Amino acid sequence: MRVATYNVNGVNGRLGVLLRWLAEAQPDIVCLQELKAPDERFPAKAIGDAGYEAIWHGQKSWNGVAILSRVGTPVETRRALPGDDEDVQSRYIEAAVNGMLVACLYLPNGNPRPGPKFDYKLGWFDRLIAHTADLIATGIPIVVAGDFNVMPTEQDVYKPERWQGDALFSPQVREAYARLLGQGWTDAVRTIHPDETIYTFWDYFRNAYARNAGLRIDHLLLSPALAPRLAAADVDREVRGWEKSSDHAPVWIELADTPVRTRRRRSGATPRNEA
DNA sequence: ATGGCTAATAGCATTAGA
């Protein structure tokens with residue numbers, strides 16, 4: 001089974017690209033971010049015609065998340081993170097689908113830093129970590145996927161020295177990401193490709209995609225019950241080069257029906273199967 | 001280092017993104 005995450009940067013403006021990618025990549029479950037559309041403008045018909053059932057949490061102009069599935073109806077378990085009734089931004093949706101729990105998130109950007117937007121990001125991250133602690137404690141297979149707006153390490157940034165003061169790379173935000181992974185989540189792409197330079201975002205400025213001046217900020221995290229089934233993971237980076245593309249590329253994982261990997265080592269060493 | 005690009009919304013400029 002293939003699970004993907006894709007920040008589409010406008011689900012209606014990029015609908016042609018999204019439908020083409022769905023047809024070519026054939027993902028089974030897809031988490032979308034940055035719909036930039038209110039609920040009534042979500043293109044449910046076109047996505048349905050492509051073979052996917054969907055749930056979505058939209059918002060006028062900004063944000064917005066959705067979960068698509070062609071392997072059974074996504075049964076919504078939550079929309080919005082707990083912990084702040086005042087938060088009206090559509091950045092989280094969660095569903096049970098095909099024997100798993102799928103959490104789709106769009107973590108706040110946080111710039112400029114410092115400031116209220118950065119504080120909102122840190123607060124949102126703390127609420128996420130509190131919620132994922134509850135999720136992982138259930139022991140069920142879970143994927144937490146989305147645009148985290150965090151480059152976890154220098155390996156994930158084209159020019160780390162230029163991003164030191166940025167909200168996407170600040171020590172506090174990287175620490176929060178590390179704290180999240182410390183609960184027991186597996187960063188799927190980094191586990192499959194421990195040493196490669198891999199990006200999921202290239203900005204529209206200065207020919208960034210052609211220069212491969214990118215960032216790795218879209219992630220798929222697996223709970224301990226699911227991590228042993230991780231068979232493959234990668235970025236469909238060519239999609240970023242398509243006409244009218246998002247500034248992000250889709251990221252995907254392949255999950256086997258049965259375990260293919262040994263448990264991740266506590267040391268953080270690269271997991272590998274025993275000989 | 002910022003924003004040279006892009007979307008949405010409003011209504012032909014602004015806000016936000018990363």
Side-chain angles (χ1 to χ4, degrees), chain A residues 5-21 31-43 46 56-66 87-92 104-122 124-125 128 145-174 176-177 197-219 235 237 239-251:
Chain A
T5 184
Y6 186 19
N7 180 322
V8 287
N9 188 9
V11 72
N12 289 305
R14 317 291 189 188
L15 187 58
V17 169
L18 174 62
L19 295 175
R20 177 181 167 191
W21 171 70
C31 295
L32 298 179
Q33 301 87 35
E34 276 208 270
L35 304 178
K36 294 187 171 180
D39 280 341
E40 62 273 18
R41 298 261 291 272
F42 182 80
W56 58 92
H57 187 197
Q59 182 181 329
K60 186 177 165 185
S61 302
W62 317 118
N63 310 315
V65 285
D87 186 0
V88 295
Q89 300 190 25
S90 298
R91 295 180 175 276
Y92 187 88
C104 171
L105 65 86
Y106 175 43
L107 216 136
N109 174 304
N111 280 306
R113 166 182 179 267
K117 290 189 174 183
F118 188 67
D119 295 340
Y120 174 66
K121 180 176 196 171
L122 293 181
W124 206 96
F125 223 141
L128 175 66
D147 177 356
F148 286 70
N149 270 315
V150 181
M151 297 85 89
T153 71
E154 296 203 342
Q155 190 182 10
D156 304 309
V157 195
Y158 171 61
K159 292 226 179 198
E161 65 278 12
R162 289 189 178 179
W163 290 86
Q164 294 300 332
D166 194 276
L168 278 70
F169 200 51
S170 78
Q172 284 159 292
V173 171
R174 290 159 67 187
Y177 186 82
T197 295
I198 295 178
Y199 301 136
T200 66
F201 166 92
W202 298 261
D203 81 28
Y204 292 120
F205 303 131
R206 296 174 304 274
N207 214 17
Y209 177 63
R211 294 187 299 119
N212 197 26
L215 308 172
R216 191 174 77 94
I217 56 177
D218 302 274
H219 309 298
V235 179
R237 71 187 309 286
V239 176
R240 177 62 182 81
W242 293 356
E243 186 104 12
K244 297 274 286 177
S245 162
S246 168
D247 39 7
H248 297 249
V251 187

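Below, read A as the first sequence line, B as the second, and so on, with proteins coming before strands; counting in each chain starts at 1. Just so we're clear, the structure is a prediction, and the values are computed from it rather than from any experiment. We use all heavy atoms of the structure for the numbers below, so side chains are in, but hydrogens, waters and symmetry mates are not.
A straight line from CZ of F201(A) to C1' of dT6(B) spans 11 Å, rounded to a whole angstrom. Atom pair N7(A):CG and dA7(B):P shows a separation of 13 Å (rounding to whole Å applied). dC5(B) atom P lies 13 Å from atom CZ of R240(A), rounded to whole Å. D147(A) places its CG atom 11 Å from the P atom of dG17(B), with the value rounded to the nearest Å. Rounded to an integer number of Å, the gap from CG of D166(A) to C1' of dG3(B) is 12 Å. Taking atom OH on Y204(A) and atom C1' on dG17(B), their separation rounds to 10 Å, with Å as the unit. W163(A) has its CH2 atom 11 Å from the P atom of dT2(B), to the nearest Å. The interatomic distance linking R113(A) (CZ) with dT2(B) (P) rounds to 13 Å, in whole Å.
Side-chain N/O atoms of K244(A) include one lying less than 4.0 angstrom from OP1 or OP2 on dA7(B). Within the 4.0 Å cut-off from OP1 or OP2 of dA7(B), at least one side-chain nitrogen or oxygen of R14(A) is found.
In this view, D119(A) satisfies the salt bridge (Lys or Arg N to Asp or Glu O under 4.0 Å) rule with no residue, not counting sequence neighbours. For F118(A), the side chain to side chain contact (heavy atoms under 4.5 Å, CB included) criterion is met by R113(A), L122(A), A167(A), S170(A), Q172(A), V173(A), not counting sequence neighbours. Residues satisfying the side-chain hydrogen bond (donor to acceptor under 3.5 Å, both in side chains) criterion with R20(A), sequence neighbours excluded, are E24(A). Here D156(A) pairs with R190(A), R216(A) under the salt bridge (Lys or Arg N to Asp or Glu O under 4.0 Å) rule; sequence neighbours left out. Evaluation of the side-chain hydrogen bond (donor to acceptor under 3.5 Å, both in side chains) rule for Y120(A) yields D87(A) as partners, not counting sequence neighbours. Considering only residues two or more places apart in sequence or on other chains, T200(A) meets the side-chain hydrogen bond (donor to acceptor under 3.5 Å, both in side chains) condition with D218(A).
Counting only residues at least two apart or on different chains, no salt bridge (Lys or Arg N to Asp or Glu O under 4.0 Å) pair has a member in residues 162-172 of chain A.
Side-chain atoms of K36(A) and N9(A) include a donor-acceptor pair closer than 3.5 Å.
The R91(A) side chain lies nearest to dG17(B) when the options are dG17(B), dA7(B), dG3(B). Listed candidates were dA7(B), dA1(B), dA8(B). Nearest to the side chain of R162(A) is dA1(B).
Comparing the P positions of dT9(B) and dG4(B) gives a spacing of 22 Å, expressed to the nearest Å. Rounded to the nearest Å, the gap between the C1' atom of dA1(B) and that of dA13(B) is 25 Å. Using P as the reference atom, dA10(B) and dT14(B) are 16 Å apart when rounded to the nearest Å. Taking atom C1' in both dC12(B) and dT2(B), the straight-line distance is 26 Å, to the nearest Å.
Within 4.0 Å of Y158(A), counting heavy atoms only, lies no atom of the nucleic acid at all.
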* **B/S/- contact track for nucleotides 9-16 of chain B, protein heavy atom under 4.0 Å** => SS----BS
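Map N9(A) and L215(A) each onto its nearest nucleotide of DNA chain B; the residue landing nearer the 5' end is N9(A). Heavy-atom nearest nucleotides on DNA chain B were determined for M151(A) and for L35(A), and the one closer to the 5' end corresponds to L35(A).
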* Given Watson-Crick or G-U pairs with both distances under 3.5 Å, what dot-bracket string fits DNA chain B, with | for other-strand pairs and [ ] for crossing? -> ....(((((...))))).
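Of all the heavy atoms in Q164(A) and R174(A), the pair that sits closest is OE1-NH1, 4.5 Å.
Within the model, atoms CH2 of W163(A) and OH of Y158(A) stand 12.5 Å from one another, a figure rounded to the nearest 0.5 Å.
Under 3.5 Å, the side chain of D247(A) and the base of dG17(B) form no donor-acceptor pair of N or O atoms.
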